[in-house]
Number of protein chains: 2
Amino acid sequence: MGEKITSYMVAKRAGVSQSAVSRVFKPGSSVSEKTARKVRKAAEELGYRPNTLARAMASGRSRIIGLVVAYFENQFYPEAIEKLANTLQANDYHVLMFMSWDETEAPETVINDLLDYQVDGIIAASVGVTDVLTKRCEAAGIPVMLFNRHQNDDKLSAVTSDNFTGGRKLAEFLVRGGHERIAHVAGWDGASTQRDREAGFLSGLAAHGMTLFARSCGNFHRDQAQEAARVLLRAEVRPDAIFVSNDHMAFAVMDVIRSEFKLRIPEDISIVGYDDVAMSEWPCFDLTTVRQPTNRMAEETVRILLQMIENEESLPCRIALDGPLVVRGSARLPVDE
Amino acid sequence: MGEKITSYMVAKRAGVSQSAVSRVFKPGSSVSEKTARKVRKAAEELGYRPNTLARAMASGRSRIIGLVVAYFENQFYPEAIEKLANTLQANDYHVLMFMSWDETEAPETVINDLLDYQVDGIIAASVGVTDVLTKRCEAAGIPVMLFNRHQNDDKLSAVTSDNFTGGRKLAEFLVRGGHERIAHVAGWDGASTQRDREAGFLSGLAAHGMTLFARSCGNFHRDQAQEAARVLLRAEVRPDAIFVSNDHMAFAVMDVIRSEFKLRIPEDISIVGYDDVAMSEWPCFDLTTVRQPTNRMAEETVRILLQMIENEESLPCRIALDGPLVVRGSARLPVDE
DNA sequence: CTGAAAGCGCTAACAG
DNA sequence: CTGTTAGCGCTTTCAG
């Protein structure tokens, strides 16, 4: 069992050449309706399916996209990956997953694996792409897209949400809510998302003549975020609001505030996050946050990547999509004037 | 840019035949140390890397495993997938992701894609594998593993946790906690996990001469679980404990209980779940549950699959791994006697 | 141990 | 539009 049906066998049965069969299965080829019918019939009867690998080999296009990920812990990524994979699938591409151990560096071996598989393109989500990766991919002519991150490298295309503006919106909102001691639990400083969100936030505060009351770093990890929250709350004077750099850490912070410090949210302290992952809406958290437009981000990422694959000359581009402030119950509301 | 370095080029530079190069890069081939050194040196200088696709083509082994998934909404799956991907990667295999839209059926097109890519094996997580898939894969000689599900089909290998025993443990625990009106929020009946957990739970109750006080179905989805909870709680007489079929739904149920019915957990009602996903430990939920040994499940799944790939004759096998009851604060504790 | 030669299954010019 | 002819880059007998 498991006898492979080749295009050659189909050709013989249909009484045409092997290349005719190939053409019938390649969208956009010129074949007469008559030949196509014969071929399709024979293929059907034999249960023929074109071999993607052979096709990749011969054409130099694998229709495989390498997706480099890490940090599934943060719900945002599973959600995003699901959408990326679906969008890619709708375009007849598929995702080869590469787990990267380290947030700061895509190890040499992952890059090698990626290249060895002759992927047509790469999407890097949540990994700092090292120069090495960039250079090797450029040399190999493989386009790279950064998802939810950008780097100073001009040759890299990136899709993010507009983190600066989002941060600013959050600051506006807290200030209008009458908060006076606004603190920040930051993520990893190496990430552009962190830097942009914080910069936007600070600029929002500055616009009202305010500055950060306190700052503590959670590095985007739950346990570190909890520790960061403890530091903030053990202080002589406590903040009356905290902007946590992503929802994932915000949940951690909220847990600490309620279970360890017995404070109420938002009566005693307001919390806002960033991402709007599914859980943020759950009554237990009911988190005010900025939504990342994951669907559109995935669509744009795929669109740009495919364009780069099809059109060698297309220039790298960086896109920042706007996301709305989602007001829920975790932060005191502005008093309408 | 992007000039491909082939084994032939390496061969020329090293002054050996192309097949010599091939042998050097194939683990376990017989090459003299001298040749190997020359080849490795030339390869290094040229920056040569073997082309996985060409290798797949020639050898008939792609080292690609198709992973069919859906339902990322439930944290259990991202966690499991991460582990599966890592384990596979450690064995020099990689994961091609296939998103399946429908929980009940792996659509025709997914199967085709899978087969077209010449995957060496398939892991189906969270999809009811239709007979079609099974048959086609068998015909193609591709081994299939079910992850966290089993089917009546004897030809399919499956790795699950011991859901029956787990369900039983939960029943024991609730009974010993003195609960008298024990209800169940069920998942999708088409899933073996649901049937096994419930059967074990019922048998546990029966052992103490008890039966289910009420039952309502949430189909493993958050919104349906919430509705199921409402039905249970709007009844004349409310349950004093609920076994929810997985943690994902348990969170939904807890949210409804607290925010809509203003009841306290566990003072007014006890909740237990199943899976022990990361969130279950969060103070906000602090859920008593049965742990699925995800790491071991992933390891076993990979081990068996690779064995089937390497050894055509290895028989299908079904494994159910034991998982511990994890006691936290969401259910009243048994009074020690 | 090593080289030569024959493919793996398909695509892509190239004539016709 | 169609068949012929080369490969894609590697593995794998098979002699030597």
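Lettering of chains follows the sequences in order, A, B, ..., and the numbering in each one begins at 1. Everything numeric here is computed off the predicted structure, so don't read it as measured data.
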Measure CG/D120(B) against P/dC8(C) and give the value in whole Å, please.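 Result: 18 Å.
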
Nearest-angstrom distance from the residue atom CG of D116(B) to P of dG9(C):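 One finds 14 Å between P of dG9(C) and CG of D116(B), rounded.
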
T52(B) and side chain to side chain contact (heavy atoms under 4.5 Å, CB included): which single residue from L115(A), D113(A), D116(A) fits?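 Exactly one candidate clears the test, D116(A).
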
Measure across [X] and [Y] and return the closest heavy-atom pair with its distance rounded to 0.1 Å.
| X | Y | value |
| --- | --- | --- |
| F25(A) | R55(A) | O-NH2, 3.4 Å |
| S62(B) | L53(A) | CB-CD2, 3.8 Å |
| M97(B) | I81(A) | CE-CG2, 4.1 Å |

Donor-acceptor pair, side chain of S157(B) and main chain of C317(B), under 3.5 angstrom: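 Yes, the answer is positive, given that a donor and an acceptor are paired below the 3.5 Å cut-off.
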
With the sugar-phosphate defined as primed atoms, P, OP1 and OP2, and the base as all remaining atoms, what B/S/- string results for nucleotides 8-16 of chain D, 5' to 3', for protein heavy atoms under 4.0 Å? BBBBBB---

Does OP1 or OP2 of dC1(C) have a side-chain N or O of S30(B) closer than 4.0 Å?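 Result: yes.
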
